[in-house]
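Excluded from the calculations below are hydrogen atoms, water molecules and symmetry mates; all remaining heavy atoms, backbone and side chain alike, are included. Note that the structure is predicted; figures quoted are calculated from it, not measured. Just so you know, residue 1 is the first one in the sequence shown, and it goes up from there.
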Amino acid sequence: MAKKEKVKKPIFKRVWFWVLVIFVVIIAANMGGGDDTASTTDTGKTETASASPSSEKVTADAPKKEEAKAEPKKEVKKEEPKKPEMTLSQENAIQSAKDYIGTMAFSKTGLIKQLEFDKFSNADATFAINHIEVNWNEQAAKSAKEYLDTTSFSRSGLIQQLKFDGYTTEQATYGVDKVGL
């Protein structure tokens, strides 16, 4: 009996889709930092410092009060960069990883390889994988179901195929159990 060749699923690329996604992410990143009032309002420093009936009056010294308010805003902004400890490339890698997981099943190593194929560095691809929430056992189960929808496998053959795709033995076994094989 002839030995079955391992089937590797092709991954269809939509170049224009990814160009558009990157373009939208860049625009969103550039627009995200422009709202000074929200950051000072959230801290409450500006509100408590200027919350008086005289602050609502339009007087000649109103611009001076606005200038005084402007300086604390700058100080608040200096504290904010601690939060986005990601580069744009890392953010894009995370979004691409989420997009891929949303459309098809991947193992952890398979998704890293796919992101590298998309020209992300190994460091950015690995960073993305470590910063998304994925149940890799469920991904193995989805992969197992996709394989069984297109071809026949023995239990051990499907486990071997899932391991070839980058799933651990435990994940592959979980996936095969989940589909009832």
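At a threshold of 4.5 Å between side-chain heavy atoms, the hydrophobic network of Ile, Leu, Val, Met, Phe, Trp and Tyr places I101 and Y174 in two separate groups.
Of all the heavy atoms in S89 and F120, the pair that sits closest is O-CE2, 3.6 Å. Across every non-hydrogen atom of F153 and L181, the tightest pair is O-CD2, 3.7 Å. The two atoms that bring A105 and Q139 nearest to each other are CA-OE1, 3.0 Å, heavy atoms only. A172 and I159 make their closest contact through CB-O, 3.8 Å (heavy atoms, listed as atom of the first residue, atom of the second, distance). Closest non-hydrogen pair, L115 versus A125, comes out as CB-CB, 3.7 Å. Nearest heavy atoms, E146 versus M104: OE2-CA, 4.3 Å.
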Working note: L111 + V134, criterion side-chain contact (heavy atoms from CB on, under 4.5 Å); need CA distance, chi angles, decisive distance, verdict. CA-CA 11 Å; L111 188 52; V134 179; 5.6 Å; no
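The closest side-chain heavy-atom distance from R155 to T173 is below 4.5 Å. Under the 4.5 Å side-chain criterion, counting only non-hydrogen atoms from C-beta, I94 is in contact with F127.
Under the 3.5 Å distance criterion, with hydrogens and angles disregarded, a donor-acceptor pair is assigned to the side chains of Y100 and D118.
Note that the CD atom of E85 and the CD atom of Q90 stand 10.0 Å from one another [nearest 0.5 Å]. Taken from OG1 in T151 to CG in L158, the straight-line distance is 10.0 Å, to the nearest 0.5 Å. To the nearest 0.5 angstrom, Q160 atom CD is 9.0 Å from S154 atom OG. Atom CD of Q95 sits about 4.5 Å away from atom CG of D99, to the nearest 0.5 Å. The OG atom of S143 sits 10.0 Å away from atom CD of Q171, with the distance rounded to the nearest 0.5 Å. Between D124 atom CG and I129 atom CD1 the span is 11.5 Å, to the nearest 0.5 Å.
Side-chain atoms of Y147 do not come within 3.5 Å of backbone N or O of K142 as any donor-acceptor pair.
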